[in-house]
Each structure stands twice: as C-alpha cells, then as structure tokens.
Amino acid sequence: MRAPPDSRAAPAGPARARPGHALITLVEPHPGHEYAYNRWYEDDHFYAGAMAMPWIFAGRRWVATRDLQELRRPEKSAVAQPVTAGCYLSTYWITEGRYDEHMKWTVAINTRLNRDSRVYRDRTHVLTAFQDHAATVYRDGAAGPRDRHALDHPYAGLVLQVIDTDGPGERAELLERLRSRELPKRLAGSPAAMVTVFRPTPLPGDRMTYVRQVEGVSTRLTLLWFLERDPRDCWQEHFAGLERLAGESGRVELVAPFVPTVPGTDRYVDALR
C-alpha cells in the first residue's frame, strides 16, 4: 500500500482552487443492484472514496434515465458497449498541481476500502479516468460561474462527450480548433454555460483490478458541457449534432446527456431500465 501524502507538504506548493485535474467515472450497476449501488455510492463511497481525500475540492453525481440513454450517440461507440451502458456519472475536481499527491492517497485508501469490504462489486466501470485540464470555454465571457464552481452550481444537466484522434499532433490541432472556433460558436445562444476539456492520464499500475487501464491517453479529449436546462428539453435543437464536432480531425465516440442526482434520495433509480 502506498503511504498517504505527508501533511507537512501542505504549506508549500500549489493551493489554488482550480480544476487542474479531474476524475471522471461512468459506471453501470448490474441489473437488480441499482438501489443498493446508489445507496452505497451516495452514503459511503462518494465521501470515503473521493471527497474526504486531499486535494479533491468539488464533486457531483449525474444520472442517465432510460430516455436520456436513448439519446446517446454514436450507435457504435468505442467507449460504451452498448452505447447505453453507464447509468451514473461522477465528476470530481482536483487542485491544479496536486495530482501526484492525490494519487498516492487514492490508491492507498481504495486498497483499504477493498480490504474492509466497502467496495461494491456488482457494477462495471464503463469509463474511469483521471484527466488533466486542457481548456475551459465560456458562453458569456467573464460573466457567470467559473469552471471551479461548475460542480457546485445548480446546473440542470451535463453532456459527456469523448473524441478520439489518430495521434498527439492531431489531438493538439483539434484542441486548438475547439478552443478558438468550434466551442465558442456552439455555445453562443445555447443553454450550455461552459465546456471544460480534459486529456486523460494513465492509471497507476497498482490501481484496483476492477478498473481497466485508460485508453486514448495521447489521443483522446473529454468534454463536459454544463447545461442550464434539462437536456431533454433542448437536445434536438442544440446537441443532436455534437457527433460532427470533431470534423475530419477526429471521431466522436460518445455523446451522453445526464441530469444531476438528488443527494440522499433514490430519485431516478426506478427509471434506469
């Protein structure tokens, strides 16, 4: 087990409230385990497995009911097989510059949770990746919440988008085009207040065995669209064409809408299937 970070390091080094890194995890509870999984994650794992750890400063859970799952594209996805897999999405912000220290802690604490039988087995990790922040694009410029507030602000929905490219050079080119042209154009007049863009990083070799290694470390971009309206009310007009966003520079492998969970409740659990 790795040793936790030394608390004497806290007075030195980065300490700004910026989402320099993220944990983005898309999980499918096994059929018949939806209620038990939701209660385990909300009552224990959201806190003990994430929020209680050093350098995570914000977190939020999202859910895709069956009608939201059926809006996903493309039909054949390199991320989710089938594309409807992954009812629950959890997103966490990690302080910029503190990724290595956080990883030491998260491997150690999850090893302990596993040893203490506090890991729920009847679930599948569809996509779980720590990510480095690459860009944030705002619809309204300096007005409104910043990306540091995104997981606390009461947004009505979120769209997870994953884009794959052929190589690091193509990814860099696509990122610049998205940041300077495509995302500002898409955001203008839309119900999305901001888009955060991340690059996945590899998981450590001593990760939990039920979490597979991250794909597309040098070729993938992960986008989070934060919506001020329920995605079901504005999907066709504003988001149905997101699979074309990559143009010829890449391939959109997932566009998936979610709404926020209501902490402490089982709201939406009966609408997952």
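Residues take their numbers from the sequence shown, with the count starting at 1.
- From Glu96, atom CD reaches atom CG of Asp132 across 10.0 Å, with rounding to the nearest 0.5 Å.
- Considering all non-hydrogen atoms of both residues, Ala64 and Leu272 come closest at O-CD2, 3.6 Å.
- Using cut-offs of 30° and 60° for the angle between ring planes, the Tyr120 and His33 rings count as perpendicular.
- For Glu253 (side chain) and Ile163 (main-chain N/O), no donor-acceptor pair under 3.5 Å exists by modelled atom type.
- Between the side chains of Asn114 and Arg121, at least one donor N or O lies within less than 3.5 Å of an accepting N or O.
- Rounded to the nearest 0.5 angstrom, Tyr37 OH and His30 NE2 are separated by 10.5 Å.
- The CG atom of Asn38 sits 13.0 Å away from atom CZ of Arg123, with the distance rounded to the nearest 0.5 Å.
- For the atom pair NE2 (His45) and CZ (Arg61), the distance works out to 10.5 Å, reported to the nearest 0.5 Å.
- We find the CD-NE2 distance between Gln131 and His21 to be 12.0 Å, quoted to the nearest 0.5 Å.
- Using bins of under 30°, 30° to 60° and over 60° for the plane-to-plane angle, the ring pair His133/Phe198 lands in the perpendicular bin.
- Between Thr196 and Thr222, the closest side-chain pair of non-hydrogen atoms is not below 4.5 Å.
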Starting from the C-alpha separation in whole Å, work towards a yes-or-no answer on salt bridge (Lys or Arg N to Asp or Glu O under 4.0 Å) for Asp44 and Arg39. CA-CA 8 Å; Asp44 188 18; Arg39 290 274 44 86; over 6 Å; no
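- A 6.0 Å sphere centred on CD of Glu70 holds more than 12 heavy atoms belonging to other residues, nucleotides or ligands.
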Residue pair Val269, Val63: steps toward the side chain to side chain contact (heavy atoms under 4.5 Å, CB included) verdict: CA-CA 9 Å; Val269 174; Val63 60; over 6 Å; no
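- For the residue pair Met194 and Ala150, the shortest heavy atom distance occurs at SD-CB, 4.0 Å.
- Arg146 places a side-chain N or O within 3.5 Å of a backbone atom of Ala143 that can act as its donor or acceptor partner.
- Ring-plane geometry between Trp225 and Phe239 is classed as perpendicular, the angle between the planes exceeding 60 degrees on a 0 to 90 degree scale with a lower cut at 30.
- Leu174 and Ala246 make their closest contact through CD1-O, 3.9 Å (heavy atoms, listed as atom of the first residue, atom of the second, distance).
- Two residues are said to be in side-chain contact when any heavy atoms from C-beta on lie closer than 4.5 Å; His238 and Ser190 meet this criterion.
- For the pair Thr91 and Leu151, the minimum side-chain heavy-atom distance is below 4.5 Å.
- No cation-pi contact links Arg148 to Phe57, judged by a cut-off of 6.0 Å to the six-membered ring centre and 45° from its axis.
- Summarising the geometry of Leu175 relative to Ala134, their closest heavy-atom pair is CD2-CB, 3.9 Å, with the distance given to 0.1 Å.
- Of the residues Trp40, Tyr92, Tyr88, the one that meets the ring-ring contact (aromatic ring centres under 6.0 Å, His included) test with Phe46 is Tyr92.
- Distance alone, capped at 3.5 Å, is enough to place a donor-acceptor pair between the Arg72 side chain and the Val83 backbone.
- Using a 4.0 Å cut-off between charged side-chain N and carboxylate O, Arg251 and Asp166 make a salt bridge.
- When all heavy atoms of Asp152 and Ala58 are compared, the pair lying nearest together is OD2-CB, 4.0 Å.
- Between Lys185 and Glu182 a salt bridge is recorded (basic side-chain N to carboxylate O distance below 4.0 Å).
- Arg139 has a carboxylate O that lies under 4.0 Å from a charged side-chain N of Glu228, or vice versa, which qualifies the two as a salt bridge.
- Interatomic distance, Thr165 OG1 to Glu173 CD, rounded to the nearest 0.5 Å: 9.5 Å.
- Taking the six-membered ring where the residue is Trp, Trp93 and Phe226 present perpendicular rings, their angle passing 60° and hence far from 30°.
- Atom OH of Tyr35 sits in a crowded spot, with more than 12 heavy atoms from other residues, nucleotides or ligands closer than 6.0 Å.
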Could you go through Lys104 and Glu101, starting from their C-alpha distance and side-chain angles, then the distance that decides it, and tell me whether this counts as salt bridge (Lys or Arg N to Asp or Glu O under 4.0 Å)? CA-CA 5 Å; Lys104 292 176 183 178; Glu101 291 171 77; over 6 Å; no
Does the side chain to side chain contact (heavy atoms under 4.5 Å, CB included) test come out yes or no for Leu68 and Arg232, once each step is laid out? CA-CA 7 Å; Leu68 287 167; Arg232 288 166 288 208; 3.5 Å; yes
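- Side-chain contact between Leu221 and Leu178: present, with at least one pair of heavy atoms (C-beta onward) separated by less than 4.5 Å.
- Of the candidates Asp147, Val197, Ile24, Val195, Leu224 forms a side-chain contact (heavy atoms from CB on, under 4.5 Å) with just one, namely Ile24.
- For the pair Glu170 and Thr219, the minimum side-chain heavy-atom distance is 4.5 Å or more.
- Taking 4.5 Å as the limit, every side-chain heavy atom of Thr106 sits out of range of all side-chain heavy atoms of Trp55.
- Counting heavy atoms from C-beta on, the side chains of Pro54 and Arg98 never come closer than 4.5 Å.
- Judged by distance alone, the side chains of Arg66 and Gln69 do bring a donor and an acceptor atom under 3.5 Å apart.
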Please report the C-alpha distance between Glu34 and Arg273 in whole Å, then the side-chain angles of each, then the deciding distance to 0.1 Å, and finally whether the salt bridge (Lys or Arg N to Asp or Glu O under 4.0 Å) criterion is met. CA-CA 10 Å; Glu34 295 85 358; Arg273 307 300 181 195; 2.6 Å; yes
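- When all heavy atoms of Pro231 and Leu227 are compared, the closest pair comes out as CB-CD1, 3.8 Å.
- In this structure, His102 and Ile56 have side chains that are in contact, with non-hydrogen atoms separated by less than 4.5 Å.
- The environment of CZ in Arg229 is crowded: more than 12 heavy-atom neighbours from other residues, nucleotides or ligands sit within 6.0 Å.
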Any chance you could lay out the side chain to side chain contact (heavy atoms under 4.5 Å, CB included) test for Leu158 and Arg60, step after step, and finish with the verdict? CA-CA 11 Å; Leu158 176 140; Arg60 195 161 194 184; over 6 Å; no
Run the side chain to side chain contact (heavy atoms under 4.5 Å, CB included) test on Gln161 and Val252 for me, step by step, so that the C-alpha distance in whole Å, both residues' side-chain angles and the decisive distance to 0.1 Å come before the verdict. CA-CA 7 Å; Gln161 182 173 20; Val252 172; 3.7 Å; yes
